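Okay, so here's the structure we're looking at.
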Number of protein chains: 2
Amino acid sequence: MDEHPSLAVSTVIFALRDSELWTPLVRRIRQPYQDRWALPGGWVAPQEGLETTAARKLLETTQLDPTYLEQLYCFGDIGRSPSGRVVSVVYWALVRPDQAERSSDDDNVRWFRADALPGLAFDHNRIVEYALWRLRNKMAHSSIAHGFLGETFTLAELRGVHEAVRGATLDPANFRRQVLAGGSIVPTGEHVVGASHRPPALYRYTDATLVDQGPLLASALTDRED
Amino acid sequence: MDEHPSLAVSTVIFALRDSELWTPLVRRIRQPYQDRWALPGGWVAPQEGLETTAARKLLETTQLDPTYLEQLYCFGDIGRSPSGRVVSVVYWALVRPDQAERSSDDDNVRWFRADALPGLAFDHNRIVEYALWRLRNKMAHSSIAHGFLGETFTLAELRGVHEAVRGATLDPANFRRQVLAGGSIVPTGEHVVGASHRPPALYRYTDATLVDQGPLLASALTDRED
DNA sequence: CCAAAAGTGTTAGGCTTACACCCATGC
DNA sequence: GCATGGGTGTAAGCCTAACACTTTTGG
């Protein structure tokens, strides 16, 4: 009864670049699937929480510090790793463009367009697909777009995030009204200067803007004592 | 690097009785939390899928065979078990009233009202709370109510499910129109007889009615080869 | 002045809500 | 017939989509 499966943590990371969704992958340096691209991750340490492990591995392998991090799913099919039973708790994360810049491509880390990935190790293609589906879902029902943006942003930038993720253009007028009526963002009073047109107002999210994760979030905030 | 946490699977089960949500719990027969009520579950066997484990443990401990079974969340906080690191993959399930009848209370299994549970073992109170939140969420956006019903049902029964879970009464006329317009149910042509009022029509879900789980479901159907 | 993007106004149509009303059965 | 719940009709109001229009900047 004490023969437990190996327990791993991996993370799907999304960032927005040129109105496209991109995701960083790491090259596997050992068998199985040596030299194939895979999600960043690693084994769960005995004295480390799952989300903490995800964040740490992310930082170690890609230098990224996400603005949003949420559990995606736990994958545990028996055949998913050729080298024995592995159960993977997978997280998904959003990073801002400026953070993504800091993690430039090198021999072991490379960014790919999220909808045009190569053949990945294990069942990681399927996992990214599911993460994409979840992102699109969440975008429609919550203010998750915040995770892609800085502290302040214009309505056009916010709209750009929605358009990129949903893959459709949105009416600027209606988008403005809907998002302002929602009450989750407020104008800072500042404006962008230097563009060759009318300067757009800057906005920021109100403090109360938390992505809806239900009862988990409240406890998660107190649990994180890293 | 090979010292992995213990991996368990547990399940939150919901059934509808007297327009209330009920959930069965099992009595712990060993330490820690001996004699406390807890979610049914057990360790993951090396050669068994996670969902399969959940279904098997469910049947073994409560004699229940759910009509719906979905992964809820993976709980892995370091302090959640006093007897060492345990990571629990938790599922949630729906059973029909007639199935629930078969699993009567005994010394080791007892049904509780889902919104009035005693103090459970481990972090199981928190887990049930989250499962309740997920159920209510899913009820609003999908045809998950099917899981509580038999093959055929009246619109009043379907409405009763929604009312019980949402905790509010619904306009029968509007409910009828909305659910029929959705196209996921069709009349069987039969009617209930024997009630002291106009006999209601029976309906059933169309074959195409699958609860929206995104890209996971398609593969899940092929993976399940039990 | 002109181009371009910000921001406002307005209208049509769809969906939700509320509630009045009719229908079919057992007693 | 009458009480009860099944089932239909309908109008008000809200939300959304579409698009015309005005505003403000740099060149």
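Just so it is clear, the values below take in all heavy atoms, side chains as well, and ignore hydrogens, waters and symmetry mates. Here the structure is a predicted model, which is why all the values come from computation and not from measurement. Reminder, nothing fancy here: chain letters follow the sequence lines and each chain counts from 1.
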Given atom [atom1] of [X] and atom [atom2] of [N], what is their separation to the nearest angstrom?
| X | N | atom1 | atom2 | result |
| --- | --- | --- | --- | --- |
| B:R198 | C:dG26 | CZ | C1' | 15 Å |
| A:H197 | C:dA5 | NE2 | P | 6 Å |
| A:N174 | D:dC15 | CG | P | 14 Å |
| A:Q178 | D:dC14 | CD | P | 17 Å |
| A:L202 | C:dG7 | CG | C1' | 15 Å |
| A:L170 | D:dT16 | CG | P | 13 Å |
| B:F175 | D:dG6 | CZ | C1' | 14 Å |
| B:L158 | D:dG6 | CG | P | 12 Å |

Quiz question: by atom type and distance under 3.5 Å, do the side chains of B:N137 and B:R134 form a donor-acceptor pair?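 The criterion, which ignores hydrogens and geometry beyond distance, is not satisfied for B:R134 and B:N137.
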
If we count only N and O atoms by modelled type, under 3.5 Å, do the side chains of A:E70 and A:Y68 hold a donor and an acceptor together? yes

From D:dT16, C:dA6, C:dA24, pick the nucleotide closest to the side chain of B:P199?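 Of all the options, the side chain of B:P199 is nearest to C:dA24.
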
For a quick check, tell me whether the side chain of B:R176 and the base of C:dT16 share a donor-acceptor pair closer than 3.5 Å. no

Whether the side chain of A:R177 and the base of C:dG9 hold a donor-acceptor pair under 3.5 Å is what I'd like checked.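 Looking at the base of C:dG9, it does pair with a donor or acceptor on the side chain of A:R177 (distance under 3.5 Å).
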
Could you pick out which residue, A:D171 or A:S196, lies toward the 5' side of DNA chain D when each is mapped onto its nearest nucleotide?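 Its nearest nucleotide lies further toward 5', so the answer is A:D171.
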
OG1 (A:T23) and CG (A:L117) are apart, to the nearest 0.5 Å, by 7.0 Å

Remember a base hit wins even if backbone is also touched, and classify B:A173 as base, sugar-phosphate or nothing at under 4.0 Å, heavy atoms.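 B:A173: base contact, heavy atoms under 4.0 Å.
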
Yes or no on side-chain contact (heavy atoms from CB on, under 4.5 Å) for A:H191 and A:L202, after CA distance, side-chain angles and deciding distance? CA-CA 5 Å; A:H191 291 257; A:L202 283 170; over 6 Å; no

